[in-house]
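Numbers restart at 1 for each chain; the letters A, B, ... are given by sequence-line order, proteins then strands.
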Number of protein chains: 2
Amino acid sequence: MSDNKIKNMEDFAAVSGLSRPTVSKYFNDPNSVRSSTRDRIEAALQKYDFHPNIYAMNQNRKLTNNVGIVVPYLSDPVFAELARKVEENCILAGFRPTLFSAHGQPRLEVEILDGLRLLKPSGVLIAPLGRTPNRAVIEKFCADVPTVLFDSFLPDTGLGFAGSNNPQFAHLIVDYLCRTGEYPSFLEMRTPANPNANRRRQAYIAAMENLGFEPSIVKIDGEGWAFEEIGRSGGGKALLEKQFATNTILCSNDRLAIGFLTACYENQIRVGRGPDCDIRVAGMDDHPFSRFTCPPLTTVAQDFESVAKEAVSILVASIEGREISKPSTFFDGRLVMRESA
Amino acid sequence: MSDNKIKNMEDFAAVSGLSRPTVSKYFNDPNSVRSSTRDRIEAALQKYDFHPNIYAMNQNRKLTNNVGIVVPYLSDPVFAELARKVEENCILAGFRPTLFSAHGQPRLEVEILDGLRLLKPSGVLIAPLGRTPNRAVIEKFCADVPTVLFDSFLPDTGLGFAGSNNPQFAHLIVDYLCRTGEYPSFLEMRTPANPNANRRRQAYIAAMENLGFEPSIVKIDGEGWAFEEIGRSGGGKALLEKQFATNTILCSNDRLAIGFLTACYENQIRVGRGPDCDIRVAGMDDHPFSRFTCPPLTTVAQDFESVAKEAVSILVASIEGREISKPSTFFDGRLVMRESA
DNA sequence: ATTAAAAATTAACACGCGTAAAATTTTATC
DNA sequence: GATAAAATTTTACGCGTGTTAATTTTTAAT
């Protein structure tokens, strides 16, 4: 640990008895130098702990080691989990991921993308907010920077996509609910913050018609990302006004369901599938807290791990110049039966 | 938008009819040039949309625009919220914040700090994991990089600290619970992931003794950051074994309380302050989800906004060379009365 | 031991911008 | 309009690394 004034690669090359270009080669790919050379460098690294200046590196390199990860709303535990797994996979693939959240604001999403351009990243993984005005911005961005979309699909944009098979989610839970009791009414926001909501609604309708039932959708007011509060107030109002066609409610997502469960509690409506219960409630996503609601929420679990892995693997393939065999993958969800339905 | 091959500041200076050093001055501080000059540059910016290469900038600048934000666990919505507000305040202060989560792993916390050194940030805001083996690492880091701690206090470390007055939290809620009913037993993890837990326990003891009651603490097993599950399983076990001295349970934090509420539900124990209820439950933090538990959780709200603002303001003061009048600030919590207690 | 191939060295330029000193121009003051 | 002050230009060097071409050294194969 005698780091005697090793200020740059020049100095470090000197103390390791090599030339700077050789050392530079090593840092760009340790396997590009002879193993005996590699050993000398690594021995010197132990003694002097030198780190190349990343700004000087990135200034000249065609490809930085940076990867940007952008999610619409990091305070939403579903996205926090997804982002965590994407980050993990990026690190495993040898990248330096940087995490960004649009905090639900389209303006911020644009700013993040602008900032990312300056970082000259090797690639970007983005779960778009999905708001119409930003579609063009994201398309433009994808044209400039190797970008993989995840979670929320945009047609003909980016290198590829990995996300959930939202229609399958709705079919799965609708089938389950119908099989085990009354057919479900659907609860959602009138203007969903996330475009996956639309696919889930459409699949709900299709699944219902498939089984010969009349779809029944209750749309509640509320803007933004405070889904629980929207589910509570809007869902409570819908309950009081008896807007639901049946006593089985399928919520567009778990966060909405969590708020709706609170509304049920406030109105002394017993939730569950027991004989003494008034109503069944189900969601979609398998939000980290869904297991801890009262009663625990029946839902469809997203396969975060597969989504994250696939998204990163598309990016890696593209960066390494390989063909992308399957640009878009939609992973099936898994039914999670708990006590709420 | 006729961006005709403007590749660097040289080119851009040419098309704006100025010299490169003047343009460079402008980008480092628009007010450092004459207003007529500023206008010419900004007019040219409209036409050519040039952005200085941040790698070249940061290579030579004494101070980069970067600020690192490090939190122990981003999937915990309490930290997600806190991080969001810190980020917001950094942007307002003119910085480029980058967010990192240690994901509860001390090893990752060290790696993040190592990575941050390379970024040569103007400053770092860190909420330490608080695990003993990392204390030395963080102290060393603080000696090298201007660093402000938040949320979790470490004595004699960094430029300053902003966090919650955890002892006051416990006093506040203990007083409330004693005033409105039976005195509380305390539920916590045997080996808390977060060091604030220790301050809360000590303050619970002090508050109880202050009021002439015998403190009663139930410690439950469980490692890691899955607090809800630990609260559910450990709390449920404690309930069955009748470990609690009273029927009022104060949980060390909201996430533990959320899990404990689930345990109560599973054991058909009615939670609340009504005459038909069996038990009262309270937490600390005001977790975003606490308003939506069944029943809604009585708790003490952290003043995230003040903590974030103060932490950033300490950093800004230090960077601008001003005296830091008050290095450590502990913000009081606000009692949030809901139905659980 | 000879020879071809692989790896390392040397020398040099490039990247894009910060910054400093001296010379020049512009602006403000009286 | 003269003078001082402020802003800008010119010139030049520095930052730490990537990268390339020509040369030398080392390794592997015969």
Treat primed atoms plus P, OP1 and OP2 as sugar-phosphate and everything else as base, then score nucleotides 7-18 of chain C 5' to 3': B for base contact with protein heavy atoms under 4.0 Å, S for sugar-phosphate contact only, - for none.
-> SSBBBB--BBBB
Any donor-acceptor pair under 3.5 Å linking the side chain of A:D29 with the backbone of A:K25?
-> no
How long is the line joining CG of B:N31 and P of D:dT8, in whole Å?
-> 12 Å
Measure from CD1 on A:I6 to P on D:dG16 and round the result to the nearest Å.
-> 13 Å
Which residues pass the side chain to side chain donor-acceptor pair (under 3.5 Å) test with B:R135, sequence neighbours left out?
-> none
Partners of A:D144 by salt bridge (Lys or Arg N to Asp or Glu O under 4.0 Å), sequence neighbours excluded?
-> A:R117, A:K140
Would a line drawn from the ring center of A:F161 to the ring center of A:F153 be shorter than 6.0 Å?
-> yes
Test item: B:V145 and B:P121 side chains (from C-beta on) under 4.5 Å apart, heavy atoms | yes
